[in-house]
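Data block below; observations after.
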Amino acid sequence: MQGLVRGLGLFAQDVAHGLLVVSHNTLALLGLGLVTIAALFATQNDLRVGLEKRALAWLAERHEVRAEANGDTLQAVAEPDAVQRVTAADPTELTKQQSALAQHLARRYKVAVEPVARLVLEAWQAGERARIDPTLVLAVMAVESSFNPFAQSPVGAQGLMQVMTRVHDDKFEAFGGQRAAFDPVSNLRVGVQVLKECIQRGGSVADGLRYYVGAANMDDDGGYAVRVLFEQEQLKAVLAGRNPALVQQPRPPAPPAPASAVAQVAHL
């Protein structure tokens with residue numbers, strides 16, 4: 001009986017010792033595996049980044065499923081970086097005069113002041129590069145689109161400055177293609193370049209505006225140049241701290257006299 005007990009004791013000791021050895025070897029192998037994996041991830045950056053992305057994607061998917069189950073439909077389409085695409089600026093970042101101009105335009109055209117503030121800043125920068133008064137740039141936008149970046153005319157003029165996208169498609173290549181016509185900043189920059197070329201061709205701002213609206217070869221531009229220049233004078237009044245309502249409306253140029261009247265005058 002005692003021999004049986006001693007045998008069982010020795011057997012138990014052998015089993016315990018075997019389990020200890022196996023556990024020790026298993027932990028050693030596990031540690032070695034973890035060290036190997038860590039070294040692999042440390043040297044294989046692409047593998048590590050890929051695994052992190054998959055893990056984050058899985059966690060985000062699980063979060064979206066739980067959010068939708070709770071009635072939140074925004075989680076599935078959330079874009080934290082979307083704010084970077086917004087055309088807006090803090091009016092306090094502008095000069096006092098520029099801020100007053102942005103506030104005036106926002107009230108008059110019933111648009112938010114932050115997007116207008118960004119356009120005012122862009123008009124100043126683009127105008128400086130093109131040597132065009134920024135108030136003229138803003139006046140063209142006001143008359144052309146009333147600051148609607150998605151405006152389109154029946155003949156295909158698009159965006160804030162109503163640029164003929166098909167005609168000036170080469171200019172939009174720098175901004176990714178023709179669809180950039182509906183990006184406010186891209187449209188403004190292209191529009192300023194077109195306006196500069198028109199003024200150079202016309203020889204003056206008034207004649208350049210006739211080219212811009214496509215009426216250079218017509219007897220009448222429909223009062224377009226007069227409206228733009230009047231709008232510009234109002235914006236200049238705001239910059240000077242005056243009441244823009246006091247700016248006098250210019251009279252449109254008189255229509256050309258009939259040929260018979262011209263002949264009569266020529267004979268006087």
Side-chain angles (χ1 to χ4, degrees), residues 101 104-105 108-109 111 119 122-123 126-127 129-172 178 181-182 184 186-240 242 244-268:
L101 198 58
H104 165 76
L105 291 170
R108 180 170 181 182
Y109 293 97
V111 291
L119 295 177
E122 287 292 334
R129 288 192 298 268
R131 297 183 180 179
I132 295 177
D133 192 322
T135 59
L136 179 63
V137 177
L138 293 168
V140 169
M141 280 190 283
V143 172
E144 288 284 359
S145 66
S146 298
F147 292 92
N148 176 8
F150 308 123
Q152 178 164 313
S153 75
V155 296
Q158 296 177 324
L160 282 176
M161 297 190 70
Q162 290 292 277
V163 179
M164 292 293 294
T165 311
R166 293 191 303 272
V167 177
H168 301 286
D169 59 337
D170 59 319
K171 293 181 174 65
F172 282 104
Q178 293 186 19
F182 296 110
S186 300
N187 189 282
L188 186 155
R189 293 172 179 173
V190 172
V192 168
Q193 178 63 30
V194 175
L195 181 60
K196 175 185 177 181
E197 294 173 0
C198 289
I199 293 174
Q200 290 175 336
R201 187 180 306 171
S204 68
V205 171
D207 288 336
L209 290 171
R210 290 170 60 87
Y211 273 100
Y212 191 87
V213 78
N217 298 323
M218 301 180 184
D219 294 332
D220 183 14
D221 66 357
Y224 174 80
V226 171
R227 292 199 307 275
V228 171
L229 294 176
F230 175 61
E231 180 74 24
Q232 184 187 17
E233 289 303 315
Q234 288 187 310
L235 298 182
K236 286 182 176 180
V238 173
L239 287 179
R242 303 194 309 270
L246 300 179
V247 177
Q248 287 189 335
Q249 176 82 40
R251 294 182 179 180
S260 58
V262 173
Q264 291 176 4
V265 172
H267 285 290
L268 293 179

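Quick note: residue numbers are just sequence positions, from 1.
- Pairs of residues two or more places apart, or lying in two chains, that qualify as side chain to side chain donor-acceptor pair (under 3.5 Å) and include a residue from residues 139-148 are Glu144-Tyr224.
- Between Val192 and Met161, the shortest heavy-atom contact is N-SD, 3.9 Å.
- Gln193 has its side chain out of reach of His168: every pair of non-hydrogen atoms, C-beta onward, lies at least 4.5 Å apart.
- Among residues two or more places apart in sequence or in another chain, the side-chain contact (heavy atoms from CB on, under 4.5 Å) test is passed with Ala216 by Tyr211.
- Of the possible donor and acceptor atoms, none in the side chain of Arg242 sits under 3.5 Å from a partner among the backbone N and O of Lys236.
- Taking both residues in full, the closest heavy atoms of Val205 and Leu229 are given as CG1-CD2, 3.9 Å, listed atom of the first, atom of the second, then distance.
- Going from atom OG1 of Thr135 over to atom CD of Gln234 covers 11.5 Å, rounded to the nearest 0.5 Å.
- Between Thr165 and Ala181 the shortest heavy-atom distance is OG1-CB, 3.6 Å.
- Minimum heavy-atom separation, Ala237 to Val247: CB-CG2, 3.8 Å.
- Under the ring-ring contact (aromatic ring centres under 6.0 Å, His included) criterion, Phe230 pairs with no residue at all, not counting sequence neighbours.
- The CG atom of Leu138 sits 5.5 Å away from atom CZ of Phe147, with the distance rounded to the nearest 0.5 Å.
- Taking both residues in full, the closest heavy atoms of Ala206 and Ala225 are given as O-CB, 4.0 Å, listed atom of the first, atom of the second, then distance.
- Between the Asn187 side chain and the Gln158 main chain, a donor and an acceptor come within less than 3.5 Å of each other.
- Side-chain contact between Leu160 and Val140: absent, with no pair of heavy atoms (C-beta onward) separated by less than 4.5 Å.
- The number of heavy-atom neighbours closer than 6.0 Å to CG of Asp170, taken from other residues, nucleotides and ligands shown, is above 12.
- Looking only at side-chain heavy atoms (C-beta outward), Leu235 and Leu105 come within less than 4.5 Å of each other.
- Residues satisfying the side-chain contact (heavy atoms from CB on, under 4.5 Å) criterion with Pro134, sequence neighbours excluded, are Ala123, Trp124.
- Leu195 places a side-chain heavy atom less than 4.5 Å from the side chain of Leu136.
- Environment of CD in Gln200: crowded, with over 12 heavy atoms of neighbouring residues, nucleotides or ligands closer than 6.0 Å.
- Heavy atoms only, all atoms of each residue included: Phe172 and Ser186 are closest at CE2-O, 4.3 Å.
- Note on residues 191-208: pairs passing salt bridge (charged side-chain N to carboxylate O under 4.0 Å, His left out), not counting sequence neighbours, are Lys171-Glu197.
- Note that the CD atom of Gln178 and the CG atom of Asp169 stand 5.0 Å from one another [nearest 0.5 Å].
- Contacts of Arg189 classified as side-chain contact (heavy atoms from CB on, under 4.5 Å), with partners at least two apart in sequence or in another chain: Glu122, Arg129, Phe175, Val185.
- Leu119 CG to Met141 CE: the interatomic distance, rounded to the nearest 0.5 Å, is 5.5 Å.
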